[in-house]
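Input: a single structure, listed below in structure tokens.
We count ligands from 1, going down the list as the structure has it; atoms in each ligand are counted the same way.
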Amino acid sequence: MTKLADYVFTPEPTPTIPVAGSDKLFPVRRIYCVGRNFAEHAIEMGHDPDKEPPFFFQKNSDAIVPPGGDFPYPTESSDVHHEIELVVALDKGGTNIPVEHALDHVFGYGVGLDMTRRDLQAVSKKMGRPWETAKSFEASAPCSALIPASELGHPTTGAIEVEVNGQTRQTGDLNQMIWKVPEMIAYLSRLFELRPGDVIFAGTPAGVSAVERGDLITGRVAGVAEIAVKVV
Ligand code: MN
């Protein structure tokens with residue numbers, strides 16, 4: 001028998017996302033997020049979408065809120081925004097992955113919310129500081145169940161939208177993504193060693209706006225998945 005590791009305390013459990021239509025769980029290793037991947041959203045945030053290569057930030061893996069979970073309004077902010085995003089889950093890793101092989105690394109897709117302390121992000125941008133406190137706080141990554149690509153294929157079009165209390169806030173289409181899924185996997189794999197369990201939040205369309213305690217956030221990528229999260 002293998003000797004059990006002699007940890008000084010019991011390690012935290014691995015964060016997971018359920019797989020739709022099964023009782024399997026996808027273990028999350030890292031969460032990468034793509035910034036300004038829809039032109040209209042880049043413009044609404046005050047940037048020129050034509051000038052930038054893709055850029056990335058991370059959230060902590062334990063920021064995942066699985067389906068059915070609530071979003072606790074975070075501390076130290078009074079301007080918390082929803083960003084509805086396609087979630088790409090990888091079950092194979094690699095470095096320098098060619099674009100034409102990138103989709104072979106995808107286990108499946110879901111829809112998630114890149115919750116953002118917009119007020120803290122504005123300060124970080126102004127001061128040239130990192131985005132962690134704006135992006136990587138507790139419960140900042142609510143996510144739907146994952147749909148395996150073996151069932152779904154690899155979506156490249158489809159409405160991506162979000163409502164708050166039934167009122168439309170964000171609308172767009174996956175076909176408006178500046179950097180496509182294979183391109184973002186290839187690009188990321190030149191900067192990081194990707195591993196099974198890595199997930200990518202693929203950027204948000206225009207219409208980001210603030211939520212309050214008591215709000216119900218509903219959203220979807222048409223043909224992929226839906227999400228419903230209560231702000232508590
Ligand atoms: Mn985002």
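Gln170 and Thr204 share a donor-acceptor pair across their side chains, judged by distance under 3.5 Å alone.
Linking ILVMFWY residues whenever their side-chain heavy atoms come closer than 4.5 Å, directly or via other members, places Ile147 and Ile227 in the same cluster.
With salt bridges taken as basic N to acidic carboxylate O contacts below 4.0 Å, none links Glu138 and Lys59. Checked for salt-bridge contact, Asp198 and Arg30 miss the test: no charged N lies under 4.0 Å from a carboxylate O.
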Show me the side-chain donor-acceptor pairs of residues 105-113 shorter than 3.5 Å, one per line, residues at least two apart or across chains.
unit_1	atom_1	unit_2	atom_2	d
His105	ND1	His101	O	3.2
His105	ND1	Ala102	O	3.4
His105	NE2	Gly93	O	3.3
Tyr109	OH	His154	ND1	2.6

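Protein N/O/S atoms closer than 2.8 Å to the Mn ion (ligand 1), listed by chain and residue number, are Glu83 OE1, Glu85 OE2, Asp114 OD2.
In terms of modelled atom types and a separation under 3.5 Å, the side chain of Thr157 and the main chain of Pro155 share no donor-acceptor contact.
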